[in-house]
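One structure is given below, encoded as structure tokens.
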2 protein chains.
Amino acid sequence: METRTVGDVARMAGITVRTLHHYDEIGLLRPSERRDNDYRAYTDADVSRLQQILTYRELDLGLDEIARLLNETSDPVDALRQARHRIDRQLKKLRRIAARLDRAIDAELKGTPMTAYEKLEVFGDFDPNEFVTEAEARWGGSELFAATAKRTSAYTSADWKRQQAETDEIYRALLGLMREGVSADSTAAAELVDAHRSSIDKWFYECTPEIHAGLGEMYVSDERFRQSINRSGDGLAEFLSAAIAVRYSSA
Amino acid sequence: METRTVGDVARMAGITVRTLHHYDEIGLLRPSERRDNDYRAYTDADVSRLQQILTYRELDLGLDEIARLLNETSDPVDALRQARHRIDRQLKKLRRIAARLDRAIDAELKGTPMTAYEKLEVFGDFDPNEFVTEAEARWGGSELFAATAKRTSAYTSADWKRQQAETDEIYRALLGLMREGVSADSTAAAELVDAHRSSIDKWFYECTPEIHAGLGEMYVSDERFRQSINRSGDGLAEFLSAAIAVRYSSA
DNA sequence: CTAAACCATGACGTAACGTGAGGGTCAAGA
DNA sequence: TCTTGACCCTCACGTTACGTCATGGTTTAG
């Protein structure tokens with residue numbers, strides 16, 4: 001069984017010996033063996049584990065989180081697939097940033113400035129589209145989940161842009177109501193709730209009043225949704241959630 | 001002129017107020033204005049600057065480095081293009097990691113394990129292919145640069161794999177000589193120098209003895225090359241460089 | 001007026017190493 | 001055998017980029 005010293009491994013991976021010391025120290029990656037002279041001796045299995053650590057590290061996961069993920073499964077293929085999935089998500093994020101930069105360049109050249117929100121929102125970690133699938137899994141069951149995945153898989157970048165624009169418009173209208181002091185139980189708010197539900201229906205899945213009511217709750221009970229929605233404007237998530245609750249409590 | 005508070009900006013960007021305080025504190029992003037109540041007031045230009053900061057931050061550049069990059073140009077389009085270029089490099093890296101993971105999954109399923117080096121080298125920051133263009137710009141002039149770019153732009157992923165395999169084989173043979181204690185001024189080493197030059201000739205550009213000699217020097221004088229080559233084996237860069245020097249000093 | 005949310009500055013703590021000290025081991029060459 | 005340079009070990013302080021909390025002023029809505 002061939003093993004490698006800490007320097008060999010560090011060199012191959014483009015990391016420092018100190019890093020490997022650190023990982024040993026915190027129990028993240030302990031060399032399986034030690035040589036007679038007390039030198040660390042890394043086996044192939046150790047190297048595989050390091051591959052996964054470095055993949056997650058590339059994605060800015062903390063070492064605690066990495067340890068947790070690595071302990072979730074003992075099947076090497078599962079572990080690799082999980083890491084692969086994470087890389088895909090980061091690729092998606094970077095592509096979105098790249099596209100936003102392209103738009104910014106275009107805007108500069110044309111003298112049509114982007115809004116502050118357009119410039120910045122892409123840097124958040126929360127992709128509402130991704131969590132729509134979670135919402136539907138929670139409220140719609142697995143058949144609905146599959147149907148949505150099938151429907152959205154064919155969407156182009158332009159489709160997503162349209163979907164986002166539609167949502168933004170509803171959100172802007174809701175914010176308008178809030179600014180004017182219109183109440184969440186008003187007719188105007190109810191109309192926007194209906195528009196919101198129609199939009200989900202159109203872009204994702206058949207959104208029954210029951211599902212929509214559940215979503216409304218989740219928009220304030222799940223911090224990720226709440227924060228994401230509130231990035232379009234303070235208190236939007238709460239207002240929308242309240243409007244949804246009112247809409248279906250009288251139905 | 002509309003400005004935004006620190007909380008507004010933080011929310012839009014998915015970062016914390018503390019982060020913006022920190023950036024103000026270190027001079028990386030100072031709000032252009034303050035309100036009468038001393039609240040920070042961020043202008044559109046401030047937001048644009050933040051966009052760039054966050055882009056580079058996404059790529060793990062240190063804040064010092066980010067400040068330096070932002071001060072390199074005052075032209076907004078140049079700045080955006082530069083950031084865009086960096087994003088592309090990171091996209092490339094992630095794609096390489098993804099491909100390596102796919103290979104690892106495949107290898108696991110087929111029971112044909114990857115080498116430790118294959119698992120780990122992709123995590124380094126140095127892409128030798130990218131720096132080949134630097135080498136040629138340094139030693140070959142701009143016509144050669146353009147010709148190479150043209151030639152390599154048509155290469156497929158499989159081409160690059162073949163190129164890499166060819167280089168690996170030459171490196172392995174050189175390491176074999178080193179292990180056997182064969183000297184850098186031996187006939188065997190000279191043959192491998194020739195093979196190395198031919199390979200560059202075949203894959204990149206016409207590699208004259210003069211250029212090759214220059215490359216040999218650079219392999220030890222430029223730390224990036226030296227480290228990259230030495231990841232295939234200790235002392236390889238020095239050995240190859242010495243062999244190249246010998247090869248052309250007697251010609 | 002009250003309360004909650006937001007703002008300010010100040011300051012200690014944290015995560016993930018980087019850097020250096022001091023000393024042992026290995027391998028090649030003289 | 002001795003010397004030297006590269007590599008290894010453990011230990012420990014320092015650095016970077018914030019996170020968290022304290023204290024107190026400001027804004028907004030009820």
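Lettering follows sequence order; numbering is per chain, from 1.
Rounded to whole Å, the distance from CG on Asp64(B) to P on dA17(D) is 6 Å. dA17(D) atom P lies 13 Å from atom CG of Asp60(A), rounded to whole Å. In this structure, CZ of Arg57(B) is placed 13 Å from C1' of dT16(D), rounded to the nearest angstrom. Atoms OH (Tyr42(A)) and P (dC8(D)) sit 10 Å apart, rounded to a whole Å. As rounded to whole Å, 14 Å separates atom P of dA8(C) from atom CG of Asp36(B).
Between Arg40(A) and dT10(D) there is a side-chain N or O to OP1 or OP2 distance below 4.0 Å. Contact annotation: Thr5(B) reaches the phosphate of dC7(C) (side-chain N/O to OP1 or OP2, under 4.0 Å).
Set against dT10(D), dG19(D), dT27(D), the side chain of Arg34(A) has dT10(D) as its closest nucleotide. Distance from the side chain of Tyr39(A) is smallest for dT25(C) among the nucleotides dC18(D), dT25(C), dC17(C). Taking every side-chain heavy atom of Leu63(A) into account, dC17(C) is the closest of dC7(C), dG19(D), dC17(C). With distances taken from any side-chain atom of Arg11(A) to the nucleotides dC17(C), dG25(D), dC7(D), the minimum falls on dC7(D).
With respect to the salt-bridge test (charged N to carboxylate O, under 4.0 angstrom), the residues Arg40(A) and Glu33(A) do not qualify. Between Asp194(B) and Arg247(B) a salt bridge is recorded (basic side-chain N to carboxylate O distance below 4.0 Å). The pair Arg84(B)-Asp88(B) meets the salt-bridge criterion, with a side-chain N (NZ, NE, NH1 or NH2) lying under 4.0 Å from an Asp/Glu carboxylate O. A salt bridge does not link Arg35(A) to Asp38(A): none of the charged nitrogens lies less than 4.0 Å from a carboxylate oxygen.
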Item checked: side chain to side chain contact (heavy atoms under 4.5 Å, CB included) evaluation trace for Leu50(A) with Tyr42(A) -> CA-CA 10 Å; Leu50(A) 181 59; Tyr42(A) 291 89; over 6 Å; no
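Between Asp46(A) and Ala41(A) the shortest heavy-atom distance is OD2-O, 3.8 Å.
Near DNA chain C, meaning a heavy atom under 4.0 Å away, the residues from residues 19-32 of chain B are His21(B).
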